Amino acid sequence: MYNKLAKYTDLLYSDKDYRKEVNFIFKKIKNHKNKIIIDVACGSGNHSKIFQKKGYKIYGVDLNKGMLKLAKNNIPKAKLFCQDMRKLNLKTKGSILICMFNSINYNFGYKQFKSTLKRFYDHLDDKGIVVFDSLFTKDNWCEGYFSVDKNSSKNLDIARINKSLRNKDVGNVEQTYIIYENKKKIMFETANKIFLFDKERILKLMEEVGFKAKYYYDFSDSKKKGNVAVFVGVKE
């Protein structure tokens, strides 16, 4: 399903402020000589595209081949790999590792989470930083939430209907896509399962792995509350 929907992703997220998120990350960088960034679950590569313009060498990782095809167009100089973050195995280390768009929630359970964090830790230089974000935490989950996202471009109209349901620590976001492309209607339905975690427990796991960790809200240094939790870890 994600391979079929990949080409519509950038239009659906055309209002996302990638530059704000990247600028927040830049503020956390501590004089790194190694200008390699590892972008886990890189999607179409819009974060990495900005890093590349700043002189960074990109290693993009995604489990979805459709997304990697988009990334190849957006960041043609990047090295791209089809891998699962839980088994990340690159022959390099970076000064920055990012995992954006709630992708971290595809770790189902804290044991799996810790294993992934270890893989991240091992792929960073000393004093390297890891950054990942999540809209879906236990205290931020909105049971029964219903919303519609829509956007248009030339010869393309797309709407996505979202409905959220919960089963213990697992959130289920049911999505229906209605797409008009060149006057032809296409419909997709998908159910997206994600693990709902406790923020404080994730901080503890990061520290156990070896990160000095802190979380922020909405890619801001000053906000005390917000929708998106942004975790930053420095490799000790």
Side-chain angles (χ1 to χ4, degrees), residues 21-43 47-48 51 54 56-63 78-140 169 194-224 226 228-236:
E21 297 179 7
V22 171
N23 285 342
F24 171 85
I25 297 169
F26 272 125
K27 292 178 183 177
K28 308 304 173 188
I29 297 172
K30 305 293 185 183
N31 299 319
H32 295 146
K33 294 180 180 180
N34 176 6
K35 298 195 75 172
I36 290 178
I37 179 169
I38 299 172
D39 189 349
V40 177
C42 64
H47 290 98
S48 283
F51 277 103
K54 296 288 187 178
Y56 279 81
K57 187 175 182 179
I58 311 299
Y59 283 72
V61 180
D62 206 289
L63 194 55
K79 292 188 176 182
L80 301 175
F81 303 85
C82 186
Q83 290 189 15
D84 188 322
M85 74 175 84
R86 293 164 288 197
K87 300 177 182 179
L88 187 65
N89 185 20
L90 304 177
K91 305 301 180 183
T92 191
K93 289 187 177 183
S95 57
I96 308 168
L97 187 151
I98 62 173
C99 184
M100 313 301 283
F101 269 113
N102 313 301
S103 300
I104 201 71
N105 291 84
Y106 290 112
N107 289 280
F108 288 93
Y110 292 106
K111 183 177 180 180
Q112 201 173 99
F113 227 117
K114 188 172 183 178
S115 178
T116 296
L117 290 172
K118 285 180 179 177
R119 300 309 306 139
F120 289 177
Y121 185 90
D122 289 343
H123 281 78
L124 284 169
D125 290 329
D126 291 342
K127 302 301 179 182
I129 66 168
V130 62
V131 182
F132 56 89
D133 65 346
S134 178
L135 178 65
F136 302 116
T137 58
K138 279 187 176 181
D139 62 341
N140 198 42
D169 289 340
I194 48 180
F195 179 65
L196 305 175
F197 60 80
D198 177 80
K199 296 195 297 294
E200 298 300 328
R201 190 162 178 181
I202 294 302
L203 283 185
K204 185 177 179 181
L205 288 179
M206 292 176 75
E207 289 166 357
E208 288 177 4
V209 168
F211 289 110
K212 182 179 179 182
K214 184 178 180 179
Y215 65 79
Y216 303 81
Y217 288 105
D218 298 338
F219 296 92
S220 167
D221 287 307
S222 58
K223 292 185 72 171
K224 302 300 181 184
V228 180
V230 186
F231 292 80
V232 178
V234 179
K235 182 173 179 176
E236 297 274 63

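Model, not experiment: these values are computed from the prediction. Worth knowing before you read on, the calculation uses all heavy atoms, side chains too, and leaves out hydrogens, waters and symmetry mates.
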Student: For Asn105 and Ser134, which heavy atoms make the closest approach, and how far apart are they?
Tutor: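 The pair with the smallest heavy-atom distance is OD1-OG, 2.7 Å.
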
Student: Around atom NZ of Lys35, are there more than 12 heavy atoms of other residues, nucleotides or ligands at under 6.0 Å?
Tutor: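 Counting other residues, nucleotides and ligands, NZ of Lys35 exceeds 12 neighbours.
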
Student: If you define the side chain from C-beta out and look only at heavy atoms, does anything of Val230 sit under 4.5 Å from Phe132?
Tutor: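 In short, these two side chains do not touch, never coming nearer than 4.5 Å.
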
Student: Start with the C-alpha distance between Phe219 and Asp133, add both sets of side-chain angles, then the distance that settles side-chain contact (heavy atoms from CB on, under 4.5 Å), and finish with yes or no.
Tutor: CA-CA 9 Å; Phe219 296 92; Asp133 65 346; 3.6 Å; yes

Student: Between Phe120 and Ile104, is any pair of side-chain heavy atoms under 4.5 Å apart?
Tutor: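 Side-chain contact under 4.5 Å: yes.
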
Student: Does NZ or CZ of Lys28 fall inside the cone over Tyr216's six-membered ring, less than 6.0 Å from its centre and within 45° of the axis?
Tutor: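 Yes.
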
Student: Is the terminal nitrogen or CZ of Lys214 (NZ for Lys, CZ for Arg) located under 6.0 angstrom from the six-membered ring centre of Phe231 and within 45° of that ring's axis?
Tutor: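 No, a cation-pi geometry is absent between Lys214 and Phe231.
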
Student: Counting the benzene-type ring for Trp, do Phe136 and Phe195 have ring centres under 6.0 Å apart?
Tutor: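 No, too far apart.
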
Student: Ring centroid separation for Tyr121 and Phe211, is it under 6.0 angstrom?
Tutor: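 Centroid separation for Tyr121 and Phe211: below 6.0 Å.
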
Student: Restricting to pairs with a member in residues 97-107, which pass salt bridge (charged side-chain N to carboxylate O under 4.0 Å, His left out), not counting sequence neighbours?
Tutor: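 Every candidate salt bridge (charged side-chain N to carboxylate O under 4.0 Å, His left out) pair involving residues 97-107 fails, so no pair, neighbours aside, qualifies.
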
Student: Residues two or more places apart in sequence or in another chain: which of them pass salt bridge (Lys or Arg N to Asp or Glu O under 4.0 Å) with Asp218?
Tutor: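 Partners of Asp218 under the salt bridge (Lys or Arg N to Asp or Glu O under 4.0 Å) test: Lys223.
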
Student: In Å, rounded to the nearest 0.5 Å, how long is the span from NZ of Lys118 to CE of Met206?
Tutor: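 If we round to the nearest 0.5 Å, Lys118:NZ and Met206:CE are 14.5 Å apart.
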
Student: Applying salt bridge (charged side-chain N to carboxylate O under 4.0 Å, His left out) to Asp122 and Lys93, what does each step give before you reach the verdict?
Tutor: CA-CA 8 Å; Asp122 289 343; Lys93 289 187 177 183; over 6 Å; no

Student: Which value, rounded to the nearest 0.5 Å, describes the distance between Thr116 atom OG1 and Met85 atom CE?
Tutor: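 Answer for the OG1-CE pair, Thr116 versus Met85, is 6.5 Å.
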
Student: Mind listing the closest non-hydrogen atom pair of Asp198 and Tyr110 along with its distance?
Tutor: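 Where Asp198 meets Tyr110 most closely, the heavy atoms are N-OH, 2.9 Å.
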
Student: Report yes if the side chains of Ile98 and Ile38 come closer than 4.5 Å at any heavy-atom pair, otherwise no.
Tutor: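 Ile98 does not reach Ile38 side chain to side chain.
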
Student: Does the side chain of Ile58 come within less than 4.5 Å of Lys79's, by heavy atoms?
Tutor: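 No, every pair of side-chain atoms sits at 4.5 Å or beyond.
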
Student: Distance-only, no hydrogens or angles: does the Gln83 side chain make a donor-acceptor pair with backbone N or O of Asn89 under 3.5 Å?
Tutor: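 Answer holds: yes.
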
Student: Working note: Ile25 + Phe51, criterion side-chain contact (heavy atoms from CB on, under 4.5 Å); need CA distance, chi angles, decisive distance, verdict.
Tutor: CA-CA 10 Å; Ile25 297 169; Phe51 277 103; 3.8 Å; yes

Student: Set out, in order, the CA-CA distance, both residues' side-chain angles and the distance that settles side-chain contact (heavy atoms from CB on, under 4.5 Å) for Val232 and Val130, then state yes or no.
Tutor: CA-CA 6 Å; Val232 178; Val130 62; over 6 Å; no

Student: Any heavy-atom pair between the side chains of Thr92 and Ile36 that's under 4.5 Å?
Tutor: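 Heavy-atom side-chain distance check passes, below 4.5 Å.
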
Student: Might you point out which heavy atoms bring Tyr56 and Ser95 nearest each other, and give the distance in Å?
Tutor: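 Heavy-atom minimum between the residues: CE2-OG, 4.1 Å.
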
Student: Grab the two heavy atoms, one from Asp39 and one from His47, that are nearest each other, plus how far apart they are.
Tutor: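 Minimum heavy-atom contact is OD2-CB, 4.4 Å.
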
Student: Measuring from atom CD1 of Ile202 to atom CG of Leu117, what distance do you get when rounded to the nearest 0.5 angstrom?
Tutor: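 Output value for this atom pair is 6.5 Å.
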
Student: Check Leu97 against His123 and note the closest heavy-atom contact, atom names and distance.
Tutor: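 It is CD1-CB, 4.2 Å.
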
Student: So how far is it from Ile129 CD1 to Lys212 NZ, rounded to the nearest 0.5 Å?
Tutor: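 Between Ile129 CD1 and Lys212 NZ, I get 13.5 Å after rounding to 0.5 Å.
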
Student: Could you tell me the separation between the CG atom of Leu88 and the CZ atom of Phe81, rounded to the nearest 0.5 Å?
Tutor: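 The distance works out to 9.5 Å.
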
Student: So does Asp84 pair up with Lys87, basic N to acidic O under 4.0 Å?
Tutor: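 Salt bridge between Asp84 and Lys87, a charged N being under 4.0 Å from a carboxylate O: no.
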
Student: I need the full list of side-chain hydrogen bond (donor to acceptor under 3.5 Å, both in side chains) pairs touching residues 200-209, with sequence neighbours left out, sorted by first then second residue.
Tutor: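 For residues 200-209, and leaving out neighbouring residues, the side-chain hydrogen bond (donor to acceptor under 3.5 Å, both in side chains) pairs sorted by first residue read Lys114-Glu208, Glu200-Tyr215.
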
Student: Return the CG to CZ distance between Leu196 and Phe108, rounded to the nearest 0.5 Å.
Tutor: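 So the CG of Leu196 and the CZ of Phe108 are separated by 9.5 Å.
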
Student: Would you call Lys199 and Asp139 a salt bridge, using N to O less than 4.0 angstrom?
Tutor: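 A salt bridge is present here (some side-chain N lies under 4.0 Å from a carboxylate O).
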
Student: For Gly43, is there any backbone N or O sitting under 3.5 Å from a side-chain donor or acceptor partner on Asp62?
Tutor: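 Side chain of Asp62 to backbone of Gly43: a pair is present.
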
Student: Taking all atoms of both residues into account, what is the closest heavy-atom pair of Asn107 and Gln112, and its distance?
Tutor: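 Nearest pair, atom of Asn107 first, then Gln112: CA-OE1, 3.3 Å.
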
